[in-house]
**Q** 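Below you'll find the structure I mean.
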Protein chains: 2
Amino acid sequence: MARKLPSKIASQLYAAAELIAERGLEATRMDDISEATGIPKATLYYHLEGKNAVLEFLLADLLDLIGGAVAVAASGGGTASERLRAAISAQISVMLEHPHLCQALVGDLGRATRLPDLALALEAAFLSPIQHLLEQGVSDGSLRPVDDPATAASSIFGAVTMTGLSVTASGHRVRAASDAASLSEWVYRLLAEGVVTNPGVDAGSIASRHLGSTSPDPGTAAPPP
Amino acid sequence: MARKLPSKIASQLYAAAELIAERGLEATRMDDISEATGIPKATLYYHLEGKNAVLEFLLADLLDLIGGAVAVAASGGGTASERLRAAISAQISVMLEHPHLCQALVGDLGRATRLPDLALALEAAFLSPIQHLLEQGVSDGSLRPVDDPATAASSIFGAVTMTGLSVTASGHRVRAASDAASLSEWVYRLLAEGVVTNPGVDAGSIASRHLGSTSPDPGTAAPPP
DNA sequence: ACCATATTTGGACTTTGAGTACAACATAGG
DNA sequence: CCTATGTTGTACTCAAAGTCCAAATATGGT
């Protein structure tokens with residue numbers, strides 16, 4: 001559709017990512033983008049449909065990067081669990097290499113997912129490869145079976161993304177990891193091994209105790225002692 | 001600060017949540033909100049500082065709800081792992097009860113986290129209780145030790161939130177869970193037990209294989225058994 | 001009942017920023 | 001040199017946020 005941007009301009013455009021990441025797209029005036037990139041407003045509008053198109057271009061690019069890296073990781077050798085780790089590593093690496101783009105993506109997630117192309121790209125870049133890995137892991141025995149791998153992929157995506165963000169964005173002094181390799185290893189372990197010491201021990205005891213969706217229910221939160 | 005909104009108005013305001021969830025705050029005109037709530041624009045501006053304040057009010061409320069429920073869960077009885085499960089259940093329950101608010105929160109996450117009060121509320125409602133649970137779990141032996149519980153809390157938050165969203169928002173036909181109880185049980189298990197069949201087997205073998213961001217450091221993540 | 005103060009509301013107004021129109025200019029390929 | 005296509009400054013339109021204000025209405029204290 002709009003993938004004919006002169007590379008000169010495309011590269012300048014990245015200068016706008018930082019602005020958008022910090023202030024959000026809404027608070028970023030087109031004139032700011034123009035000034036930050038050195039591209040005059042008229043030229044911007046000559047190539048792009050508008051403000052959203054700027055975001056769309058930047059994020060499509062990011063998602064291509066991640067999608068590519070994840071795809072490579074997911075189709076590499078080894079067990080599904082090893083490839084899952086590689087995929088997570090790929091995502092984290094790209095995130096840490098492009099912190100501004102990621103902040104922009106997450107900060108304007110609503111807008112992003114409302115742009116149809118981007119929603120698809122997101123799906124293709126992350127969710128669907130991870131979902132497949134989960135399924136393959138059941139086959140090769142390296143991963144435990146999970147109901148609804150699609151939803152599980154979302155959960156994993158959420159965990160990885162949020163982790164990457166909290167390292168990237170917030171000034172969190174992160175003890176866990178200073179570089180992409182150790183951070184991704186860290187998240188992978190968290191997701192792979194879980195947080196509990198001996199799985200199964202308290203499983204199933206509470207399952208039906210919380211709320212029945214419809215009825216008034218003051219005690220949604222904690223199980224009685 | 002602005003917490004004296006007449007309840008009459010406050011309740012009407014929720015009618016705007018759906019609009020915001022669907023179209024994003026930016027695409028929602030103040031006149032739309034006015035019309036949807038039945039509150040005339042002038043009155044809105046009499047009580048609220050502007051558009052952002054609408055979002056801020058709604059989300060502050062949501063975060064109070066979640067924060068309250070999570071706090072109750074986290075301070076209940078049982079092991080840390082049981083309370084972690086209860087906390088997750090609380091969050092999921094509130095999310096499923098207020099899908100519009102959640103979509104609004106996530107959709108305009110950037111804006112939300114840029115509102116200082118909300119960033120703090122988010123921290124207080126989720127992150128910090130979960131972080132404490134993780135720490136307590138190490139003490140009582142029900143959870144395995146994790147480097148940097150603060151970041152781990154973010155990861156868990158990401159997973160839970162994304163899961164809730166993918167059930168709520170996208171038309172995903174979710175096999176995993178139709179109600180809050182079973183969904184939260186499902187996420188808890190995922191996080192508690194991990195996705196891998198026999199933990200530790202492939203740890204450390206690949207850490208440095210994908211792209212080298214400077215130092216290969218395969219061991220920072222989890223403590224040995 | 002009376003007054004003071006706060007709330008509600010309609011309507012006109014100001015301001016800001018997105019997006020458009022267009023003419024002048026540049027550049028390239030034939 | 002001449003036409004295509006890209007570049008850019010300037011001036012414009014237009015929608016929506018937010019402000020002002022004054023008249024109506026409620027609220028509460030004495």
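Residue numbering restarts at 1 for every chain, and letters A, B, ... go by the order of the sequence lines.
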**Q** Rounded to the Å, how far apart are Asn52(B) CG and dG18(D) C1'?
**A** 12 Å
**Q** Please report the distance, rounded to the nearest Å, between CG in Leu48(A) and P in dT7(D).
**A** 11 Å
**Q** Decide, yes or no, whether a salt bridge links Arg111(B) with Asp108(A) under the criterion of side-chain N to carboxylate O below 4.0 Å.
**A** no
**Q** Any strand counts, and the cut-off is 3.5 Å on both contacts for Watson-Crick or G-U wobble. Which nucleotide pairs with dA22(D)?
**A** dT9(C)
**Q** Looking only at the side chain of Thr43(A) (C-beta and beyond, no hydrogens), which of the listed nucleotides dA18(C), dT8(C), dT8(D) gets closest?
**A** dT8(D)
**Q** Would you indicate which nucleotide in dG10(C), dA16(D), dT5(D) comes nearest to any side-chain atom of Tyr46(A)?
**A** dT5(D)
**Q** Using the glycosidic torsion, which applies to dA4(D): syn (within 90° of 0) or anti (everything else)?
**A** syn
**Q** Between dT16(C) atom P and Met30(B) atom CE, what is the distance in whole Å?
**A** 18 Å
**Q** Which nucleotide sits closest to the side chain of Ile9(A): dT9(C), dA17(D), dT7(D)?
**A** dT7(D)
**Q** OP1 or OP2 of dG18(D) less than 4.0 angstrom from a side-chain nitrogen or oxygen of Tyr45(B), does that happen here?
**A** yes
**Q** So do Leu101(A) and Met95(A) actually touch side chain to side chain, heavy atoms under 4.5 Å?
**A** no
**Q** Looking for any heavy atom pair under 4.0 Å, which part of the strands does Lys41(A) touch: base, sugar-phosphate only, or nothing?
**A** base
**Q** Would you say that more than 12 heavy atoms from the other residues, nucleotides or ligands in this model lie under 6.0 Å from the CD of Glu135(B), or not?
**A** yes
**Q** I want to verify a distance call: between dA17(D), dA18(C), dT8(C), whose nearest atom is closest to the His47(B) side chain?
**A** dT8(C)
**Q** Any strand counts, and the cut-off is 3.5 Å on both contacts for Watson-Crick or G-U wobble. Which nucleotide pairs with dA4(D)?
**A** none
**Q** Please report, rounded to the nearest Å, how far the P atom of dT8(D) is from the CD atom of Gln12(A).
**A** 11 Å
**Q** For the pair made of NZ in Lys8(B) and P in dT25(D), what is the distance, rounded to whole Å?
**A** 16 Å
**Q** Send over the distance from Asp31(A) CG to dG19(C) C1', rounded to a whole Å.
**A** 11 Å
**Q** Just call it for Ser34(A): base, sugar-phosphate, or nothing, with non-hydrogen atoms closer than 4.0 Å on any strand.
**A** nothing
**Q** Could you check whether Asp31(B) and Ser34(B), counting side-chain N and O atoms only, form a donor-acceptor pair closer than 3.5 Å?
**A** no
**Q** Do the side chains of Glu185(A) and Arg85(A) get close enough for a salt bridge, i.e. N-O under 4.0 angstrom?
**A** yes
**Q** Identify which nucleotide among dT9(C), dT8(C), dT8(D) has an atom closest to any side-chain atom of Pro40(B), counting heavy atoms from C-beta outward.
**A** dT9(C)
**Q** For the pair made of CZ in Arg29(B) and P in dA16(D), what is the distance, rounded to whole Å?
**A** 5 Å
**Q** To the nearest angstrom, how far is Lys51(B) atom NZ from dA15(D) atom P?
**A** 16 Å
